[in-house]
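Here is the naming used below: chain letters follow the sequence lines, and residue numbers restart at 1 for every chain.
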Amino acid sequence: MKTRVRFAPSPTGFLHIGGARTALFNWLYARHTGGTFVLRIEDTDVARNSQEAVNVILNGLRWLGLDWDEGPISGDATGPSKGDYGPYFQSQRKENYQRRVEALLSHGLAYEDQGAIKFKMSREPIVIPDLVVGEVRRELTDREQADPDFVIVRSDGQPVFHLVNVVDDLEMNITHVIRGEDHLSNTAKHIALFRAFGVEPPRYAHIPLILNSDGTKMSKRDKGASLTSYMEEGYAPEAVLNYLCLLGWSPKNNREKLSLSEVVEMFDLPQILRHNARFDLTKLTWLNGEYLREMDTERFYELAVQALGRAGLDTTRYPVEYVKAALDTCKGKFKLFSELPAYGGFYFKDEVQYDPEAAKRDFTPENRPRLARLRDALSRLEPFEPDPIGHTLKAVAQELGVKPAVLVHPTRLACCGNTAGPSLYHLLAVLGKTRVLQRLDKALAVIG
RNA sequence: GACCCUAUCGUCUAGCGGUUAGGACACCGCCCUUUCACGGCGGUAGCAGGGGUUCGAGUCCCCUUAGGGUCGCCA
């Protein structure tokens, strides 16, 4: 039988990083087995539903590149979808739930209680066969001992999660339920429901949770809990995806950087780790740097321009060739696009702001004549290119009897405003003689 | 309160009865170097604790401890 898995998020206006990882593992398993990845929107909670909230999920999955074989095409619950098991919004599946509830009622497996409908839950422990955790024998808690039955339809007529989730999985022919471990205890209810409908439940695989770096639960308020924050910080989706693969799963061959197709090849449910993992932003950032370094230049250019735009730096004011040359000197030198404005923003500003500490150290009275001497030499330099610039600087340094670094630091500060940046000779060449002389003149004036 | 899951360097992990406990991030040195990075070399650091089983335990069992999850007319 063909594998059918699903990712079934609730549209809350937020895509949790753990949810993204759940989606990824489902997607990986579908691709590994040649099965079908279904996206189903669990929008039963009408109070907090909106098309916008659904779009957050769709956009997040699309950004990651996790394409679904069946599911909605847009955030519109009544809009078009793909697949033969629709609709894929629970808000559009009311009749199914009603029909199923009536069946339970007529078989005496459910009953009305104070306007709500409750399911007659098993009084015996239920064994949950789990592909990740193993066989779990779920005993009743003390509260469940007192009343094991649970509500499946609220008194306002709305069916609840446990019911709709099971009905949909059943009717959509889901073969494997891969979800967060927070659902493990509830799975007993789901299994009982499947049996009440006269079918065997799907196979379950409960994956460990992602925790904050301090080991506490990652809640909506925590920084980094939302996928959107990574999209906005300028992470590359392939890096985020790669990092997420390494949380709770391992290729076992000491490799860290893996292409998605390699993971698809190797991925399987039984090797998923059983313990929770802490989210290590530093390692993700390192991995992102690895991806940026190897990113093809066109894509780097595109993402870099976006990042500069977000920081209010308008690259369209400059010739395309200038922008590309400028970005070439920055590529591979930082790990996050959000670092770019500070790193290479000087290319796209009319005035540079000097780092106060550096200015105090490098814009000294004794450096003024040295800088003036270099300015003079550069003004006569032709062509204004990296190698000649380097030779000129070294020659001037030698004439002055100082190390090149004595000239390098104030020159960099004058042209970039800070102490870290692209190769000095290359950045000067890209800026061009006119801008460089202007900036040196300004610095000389500042030094006084 | 009850029930369930989990436990190897600070973090992510390899290990599936016999290993000098391996790798990666981070950190610390040294080298490279026009800054910052990259890269190269080296280093610090771990089997939560206690009982068993076994000739032999990080690996199997039990207890404790710790962390996480669940017990809703939320999903």
Side-chain angles (χ1 to χ4, degrees), chain A residues 8-12 42-45 47-48 90 113-118 125 128 130 132-134 136-148 150-162 164-165 180-189 206 208-209 211 213-218 243 246-257 273-287 289-290 293 330 332-335 339 343 358 362 386 389-390 393-394 397 403-409 411-413 416 418-428:
Chain A
S10 177
T12 59
E42 305 221 332
D43 57 343
T44 52
D45 188 359
R48 60 182 183 187
Q90 289 186 329
D113 180 38
Q114 303 200 54
I117 297 172
K118 293 179 86 170
I128 305 162
D130 192 282
V132 172
V133 187
V136 177
R137 183 185 162 90
R138 174 60 223 280
E139 304 279 347
L140 302 212
T141 68
D142 52 0
R143 286 180 173 185
E144 289 165 341
Q145 296 274 9
D147 177 16
F150 59 93
V151 172
I152 52 176
V153 180
R154 297 195 280 250
S155 50
D156 64 2
Q158 289 292 324
V160 308
F161 165 75
H162 299 300
V164 298
N165 191 266
E181 195 202 79
D182 49 337
H183 288 293
L184 182 57
S185 292
N186 282 330
T187 303
K189 290 178 179 163
H206 287 92
L209 270 21
L211 271 26
S213 58
D214 63 358
T216 57
K217 179 186 176 183
M218 202 181 250
Y243 179 70
L246 264 20
L247 243 36
W249 178 84
S250 164
K252 301 181 191 293
N253 56 188
N254 283 347
R255 290 187 55 206
E256 310 288 329
K257 191 161 179 281
L273 274 301
R274 275 169 275 271
H275 58 266
N276 296 341
R278 300 182 187 201
F279 197 90
D280 185 356
L281 190 61
T282 310
K283 185 157 183 176
L284 166 61
T285 304
W286 163 76
L287 202 50
E290 295 292 300
R293 193 165 299 116
C330 299
K333 308 266 287 180
F334 55 87
K335 294 176 176 154
E339 297 172 41
Y343 191 85
D362 294 324
I389 290 171
L393 185 140
K394 283 170 186 162
K403 289 193 209 168
V406 172
L407 290 175
V408 165
H409 293 293
T411 304
R412 174 181 296 283
L413 185 60
C416 310
N418 49 39
T419 56
S423 157
L424 181 65
Y425 308 150
H426 288 83
L427 79 85
L428 293 181

For [X] and [Y], work out which heavy atoms get closest and say how close.
X	Y	result
E144(A)	E139(A)	OE1-O, 4.2 Å
A188(A)	R138(A)	CB-CG, 3.8 Å
D214(A)	R278(A)	C-NH1, 3.6 Å

What nucleotide among [options] has an atom nearest to a side-chain atom of [X]?
X	options	value
A116(A)	rU35(B), rC5(B), rC73(B)	rC73(B)
F161(A)	rC36(B), rA75(B), rG15(B)	rA75(B)
V151(A)	rG68(B), rC73(B), rG23(B)	rC73(B)

(request) Using the closest heavy atom to pick a nucleotide of RNA chain B for each, name whichever of V153(A) or G248(A) lands nearer the 5' end. (result) G248(A)
(request) Could you check V133(A) against P9(A) and say which one's nearest nucleotide on RNA chain B is further toward the 5' end? (result) V133(A)
In whole Å, I'd like the distance from the [atom1] atom of [X] to the [atom2] atom of [N].
X	N	atom1	atom2	value
R143(A)	rG1(B)	CZ	P	12 Å
R274(A)	rC5(B)	CZ	C1'	11 Å
D142(A)	rU70(B)	CG	C1'	12 Å
E290(A)	rG39(B)	CD	C1'	11 Å

Just call it for [X]: base, sugar-phosphate, or nothing, with non-hydrogen atoms closer than 4.0 Å on any strand.
X	value
Y343(A)	base
T282(A)	sugar-phosphate
K333(A)	base
L273(A)	sugar-phosphate
Q114(A)	base

(message) The criterion is salt bridge (Lys or Arg N to Asp or Glu O under 4.0 Å); which residues satisfy it with D156(A), sequence neighbours excluded?
(response) R154(A)
(message) Suppose we screen for salt bridge (Lys or Arg N to Asp or Glu O under 4.0 Å). Which residues come up paired with E339(A), at least two apart in sequence or across chains?
(response) none
(request) Please check the phosphate of rC12(B) (OP1 and OP2 only) for any side-chain N or O of K283(A) closer than 4.0 Å. (result) no
(request) Would you check if V136(A) and T187(A) make a side-chain contact, meaning some heavy-atom pair closer than 4.5 Å? (result) no
(request) Between rG46(B) and rG23(B), how far apart are the C1' atoms? Round to whole Å, please. (result) 14 Å
(message) When the C1' atoms of rC36(B) and rA75(B) are compared, how many Å lie between them, rounded to an integer?
(response) 47 Å
(request) Any strand is fair game: report the nucleotide pairing with rA24(B) by Watson-Crick or G-U wobble, both distances under 3.5 Å, or none. (result) rU11(B)
(request) Answer syn or anti for rC38(B), where the cut-off is 90° from 0 on the glycosidic torsion. (result) syn
For nucleotides 30-34 of chain B, tabulate all protein N/O to nucleotide N/O atom pairs closer than 3.5 Å, reporting atom names and distance.
| from | atom 1 | to | atom 2 | distance (Å) |
| --- | --- | --- | --- | --- |
| rU34(B) | O2 | L424(A) | N | 3.1 |
| rU34(B) | N3 | S423(A) | OG | 3.2 |
| rU34(B) | O4 | S423(A) | OG | 3.2 |

(request) Decide whether a cation-pi geometry holds between K189(A) and F150(A); the criteria are a distance under 6.0 Å from NZ or CZ to the six-membered ring centre and an angle within 45° of the ring axis. (result) yes
